[in-house]
Amino acid sequence: MRCVSNMERLEVICLRLPDAERVDVEAWGGEPTFRVNGKSFVFSDAGATGVSVKLPKDEAEAVCATDPLAEPTGYGLGRHGWVSVQLGPKPSKGRWQQVEEWVRTSYTLVAPKKLARIVLAEDGLV
């Protein structure tokens with residue numbers, strides 16, 4: 001049985017979304033981002049021991065208030081609903097479920113409406 005790395009797992013979560021792509025930002029030392037239509041919906045470090053996602057402001061505030069491993073994303077992004085969450089080297093199954101929900105929410109906030117509706121429908125939210 002092969003152990004799946006955090007990045008492999010994050011890629012599976014992100015790249016199953018419509019028109020999503022991974023872009024490693026050379027100016028940031030090759031840090032990976034996941035984008036749709038040229039807009040980032042996930043930022044990560046190379047090992048995916050932490051991720052930043054965009055959430056509705058009220059949800060972002062709640063996550064930061066209740067999760068000791070979460071904080072508003074730096075560079076002013078936090079005031080727009082971006083949250084950075086530390087995952088560590090071996091997140092639990094429950095943590096990965098949270099991450100997938102946050103990634104899907106982030107995607108729907110950033111993606112064109114047509115693509116966002118596909119994901120919202122898959123999640124039973126439309």
Side-chain angles (χ1 to χ4, degrees):
M1 180 185 230
R2 182 168 112 34
C3 185
V4 177
S5 73
N6 281 8
M7 183 51 71
E8 289 171 316
R9 195 155 187 180
L10 183 61
E11 284 179 331
V12 167
I13 291 169
C14 293
L15 297 179
R16 73 170 64 133
L17 297 167
D19 293 348
E21 64 178 340
R22 177 179 168 166
V23 177
D24 295 344
V25 181
E26 197 171 311
W28 299 344
E31 295 287 305
T33 64
F34 293 90
R35 301 178 182 196
V36 59
N37 204 34
K39 297 172 91 176
S40 296
F41 65 95
V42 174
F43 297 97
S44 181
D45 58 65
T49 58
V51 297
S52 296
V53 292
K54 183 176 175 86
L55 301 174
K57 286 184 183 179
D58 58 337
E59 185 177 351
E61 290 172 6
V63 169
C64 290
T66 59
D67 189 328
L69 298 177
E71 63 184 12
T73 302
Y75 306 105
L77 294 172
R79 69 176 173 255
H80 299 288
W82 283 89
V83 175
S84 295
V85 182
Q86 292 304 310
L87 303 177
K90 293 185 178 183
S92 68
K93 182 178 179 180
R95 186 57 146 184
W96 277 117
Q97 289 172 334
Q98 285 180 317
V99 168
E100 183 161 13
E101 287 176 24
W102 292 331
V103 165
R104 293 176 74 82
T105 298
S106 187
Y107 177 93
T108 63
L109 293 173
V110 171
K113 289 180 181 171
K114 180 180 178 182
L115 297 176
R117 280 194 297 270
I118 294 168
V119 174
L120 290 169
E122 289 174 357
D123 293 345
L125 298 173
V126 284

pair [X]-[Y]: side-chain heavy atoms closer than 4.5 Å:
| X | Y | answer |
| --- | --- | --- |
| Val36 | Pro112 | yes |
| Arg9 | Val99 | no |
| Ser44 | Leu10 | yes |
| Leu87 | Val51 | yes |

Given Val119, Ile118, Leu120, the one that forms side-chain contact (heavy atoms from CB on, under 4.5 Å) with Tyr107:
Val119
How close do [X] and [Y] get, counting heavy atoms only, and between which atoms?
| X | Y | answer |
| --- | --- | --- |
| Ala116 | Ala111 | N-CB, 4.2 Å |
| Phe41 | Val103 | CE1-CG1, 3.9 Å |
| Cys14 | Ala20 | O-CB, 3.3 Å |
| Asn6 | Pro89 | OD1-O, 3.3 Å |
| Gly81 | Ala60 | O-CB, 3.6 Å |

Donor-acceptor contact below 3.5 Å, side chain Glu59 vs main chain Pro56:
no
Does Asp45 use its side chain to pair, donor to acceptor, with the backbone of Gly50 at less than 3.5 Å?
yes
Asp19/Lys114 ion pair, N-O < 4.0 Å:
no
Could you please spell out the steps behind the side-chain contact (heavy atoms from CB on, under 4.5 Å) verdict for Arg22 and Met7?
CA-CA 11 Å; Arg22 177 179 168 166; Met7 183 51 71; 3.6 Å; yes
Distance check, rounded to the nearest 0.5 Å: [X] atom [atom1] versus [Y] atom [atom2]?
| X | Y | atom1 | atom2 | value |
| --- | --- | --- | --- | --- |
| Leu109 | Lys57 | CG | NZ | 11.5 Å |
| Asn37 | Leu115 | CG | CG | 7.5 Å |
| Gln97 | Ile13 | CD | CD1 | 10.0 Å |
| Leu77 | Phe43 | CG | CZ | 6.0 Å |

Please name the residue in the list Ser84, Ser40, Ser106 that meets the side chain to side chain donor-acceptor pair (under 3.5 Å) test with Ser52.
Ser84
Considering residues at least two apart in sequence or located in another chain, which fulfil the salt bridge (charged side-chain N to carboxylate O under 4.0 Å, His left out) criterion with Arg16?
Glu100
Side chain to side chain donor-acceptor pair (under 3.5 Å): pairs with one or both residues in residues 115-125, sequence neighbours excluded
Arg104-Glu122, Arg104-Asp123
Are Leu55 and Leu17 connected into the same hydrophobic cluster when the rule is that any two of I, L, V, M, F, W, Y join if their side-chain heavy atoms are below 4.5 Å apart?
yes
Would Val42 and Trp102 count as a side-chain contact (heavy atoms from CB on, under 4.5 Å) if you check the C-alpha gap in whole Å, the side-chain angles of each, and the deciding distance to 0.1 Å?
CA-CA 9 Å; Val42 174; Trp102 292 331; over 6 Å; no
